[in-house]
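I have placed the structure first, in the form of structure tokens, so that the comments after it can refer back to it.
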Number of protein chains: 2
Amino acid sequence: MTERVVPPAARRRRRPTKQGVVLSEELIVATALRLIEEHGADALSVRRLGRALGADPSSLYRYFRHTDDLMLAIADELIGRTLRTWSPTGDWRADLRELGLRMHAGALAHPRAAVLSSYRVTGRVHEIEAVEAILGVLRGAGFPDAEAVRIYHAFVDQTLAFGALDSASTALPGPARAAEASVWRATYVRLPADTHPNIAATARHLVADMPRSSYPAALELLLDAAAARLTAFQRRPVAD
Amino acid sequence: MTERVVPPAARRRRRPTKQGVVLSEELIVATALRLIEEHGADALSVRRLGRALGADPSSLYRYFRHTDDLMLAIADELIGRTLRTWSPTGDWRADLRELGLRMHAGALAHPRAAVLSSYRVTGRVHEIEAVEAILGVLRGAGFPDAEAVRIYHAFVDQTLAFGALDSASTALPGPARAAEASVWRATYVRLPADTHPNIAATARHLVADMPRSSYPAALELLLDAAAARLTAFQRRPVAD
DNA sequence: ACCTTATGACAACACCGTTGACCTGTTAAG
DNA sequence: CTTAACAGGTCAACGGTGTTGTCATAAGGT
């Protein structure tokens, strides 16, 4: 068998599919994203994607070695779209807060694609840009290199993880989602104080707090802790 | 069609499968967990589970409406097991740290269940116990009720979100996972300093830090921030 | 002893990712 | 121009998946 996937640069002999579509990596990724947005992540399969493109499913294997490869391409495209609308101001806390909230919002906007991109390192252009930018913010703020990496890592993973978490629950089928929301009201609030004193005591807070995302709060806690460390470093600088 | 799933209380006519096994919800969940532990998360399918149990796959649908239901049952069992090996000492920071790390480790050991349980409220017994226990630790430490709920929410979501994130990457098929790990060494480290100064400057830290989970670091940051707030409250108490 | 019905088994359905073999239009070389 | 190579599209098949409609039967209540 000749090698299935050809590097994009060497692609020349493009010819239309039976249904008249000229395939390309970009078109495939764009169509995949559209599919995910319109019908959910479960709607993304090689076969369905092929159908949506007007091509035989197996054609896709000329562009991506396996579905995994395709996922990475999709993930990187998402990172790129998010980063394009963000520009650092110089205030590291504000910049990280803004970026975090933006990434989180982006995840919620593409609920089912967010899950895919959360746990993969793509090593592609957009991801690299993002890493460079965030590290720049932290080092510019005065974090020593090792600490900058540590904070970067926690920040990025926290944002991606919450993005995936929150968008997963957003993406639940309608009735299931309503059921989730009502568990707090229906089950937890009713627990008697003698067997579950702590839940009973905080019931009204639970009902108010739990249905909302805790990402903004968690982000603020992380920024607080990072700021505290920064002032500690500034008081007693550390060799790097 | 008669309703497929019968509430456990109403189960009476237990009869052995062709291979002589007497099914039960507990046995199914236990076997599923064993399968995951022994052969990885991908080894869990209705058909394989049936084979492992010595029963027809379709029999499982007498106990669980769909695989999702089964996953939730597994998830709750996991919460239970995690909680069972944890006993609060009275030092709230140590207790939360210990519980967080335990939950995270539990998630890593059972990736598929972890992903599901991260964004679902099961409302089952073990989950309720966990909520009660964590709230107890926080209120015992002196957090006002509203703040206790806020910290609880951030703590639990962060733990579950990181659990899902990290277990998703450990659940990657072998080669894909190896590829992930090498991206930092192969791609990022090689970026020239003139185009990517921040990555180049921190390259050795990135290689050391990124392949590991950032959960322990993120947890510590959260505990730091919470402790800072606690002392603030203790200095100037707040009506609740 | 009988009747009901819970529960297990079976077969079938509609999907899935992936691959090897085949065919054909595009392209570059002569 | 002609032609030979081969990129890239198509087809059919493999072995897997979750799920369901139907049927047989053994357990339990009466």
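We find that CD of B/Gln19 is positioned 8 Å from P of C/dA9, with the value rounded to whole Å. In this entry the distance linking CG of B/Asp69 with P of D/dT19 reads 10 Å, nearest Å. One interatomic measurement links the two molecules: CG of A/Leu53 to P of D/dT10, which rounds to 11 Å at whole-angstrom precision. Distance, B/Ile28 CD1 to C/dG8 P: 8 Å, rounded to whole Å. Regarding B/Leu49, its CG atom lies at a distance of 17 Å from the P atom of D/dG16, rounded to whole Å. In this entry the distance linking CE of B/Met71 with C1' of D/dT17 reads 12 Å, nearest Å. What separates CZ of B/Phe64 from P of D/dG18 is a distance of 14 Å, to the nearest Å. Regarding A/Asp56, its CG atom lies at a distance of 12 Å from the C1' atom of C/dT19, rounded to whole Å.
Considering B/Leu27, B/Ile28, B/Val29, B/Leu33 as possible partners of B/Thr31, the one that fulfils the side-chain contact (heavy atoms from CB on, under 4.5 Å) test is B/Leu27.
OP1 or OP2 of C/dA9 lies within a sub-4.0 Å distance of a side-chain N or O belonging to B/Ser59. Contact check, B/Tyr63 against C/dT7: no side-chain N or O comes under 4.0 Å of OP1 or OP2.
B/Arg48 pairs by the salt bridge (charged side-chain N to carboxylate O under 4.0 Å, His left out) definition with nothing, not counting sequence neighbours. Residues passing the side chain to side chain contact (heavy atoms under 4.5 Å, CB included) test with B/Pro57 are B/Val46, B/Arg47, sequence neighbours excluded. Partners of B/Arg34 by salt bridge (charged side-chain N to carboxylate O under 4.0 Å, His left out), not counting sequence neighbours, listed by chain and number: B/Glu38.
For residues 151-160 of chain B, no pair satisfies salt bridge (Lys or Arg N to Asp or Glu O under 4.0 Å), with sequence neighbours left out. Pairs of residues two or more places apart, or lying in two chains, that qualify as salt bridge (Lys or Arg N to Asp or Glu O under 4.0 Å) and include a residue from residues 122-136 of chain A are A/Glu25-A/Arg124.
Residues B/His126 and B/Leu83 have side chains not in contact (no heavy-atom distance under 4.5 Å, counting atoms from C-beta outward).
Residue-to-nucleotide contacts include a donor-acceptor pair under 3.5 Å from the side chain of B/Arg15 to the base of C/dT7.
Heavy atoms of B/Ser58 sit under 4.0 angstrom from at least one base atom.
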Short heteroatom pairs, N/O only, protein and nucleotides 13-17 of chain C, under 3.5 Å:
from   : atom 1 : to      : atom 2 : distance (Å)
C/dC16 : OP1    : A/Ser45 : OG     : 2.6
C/dG17 : OP1    : A/Val46 : N      : 3.1
C/dG17 : OP2    : A/Val46 : N      : 2.8
C/dG17 : OP2    : A/Arg47 : N      : 3.4
C/dG17 : N7     : A/Arg47 : NH1    : 2.3
C/dG17 : O6     : A/Arg47 : NH1    : 2.9
C/dG17 : O6     : A/Arg47 : NH2    : 3.4

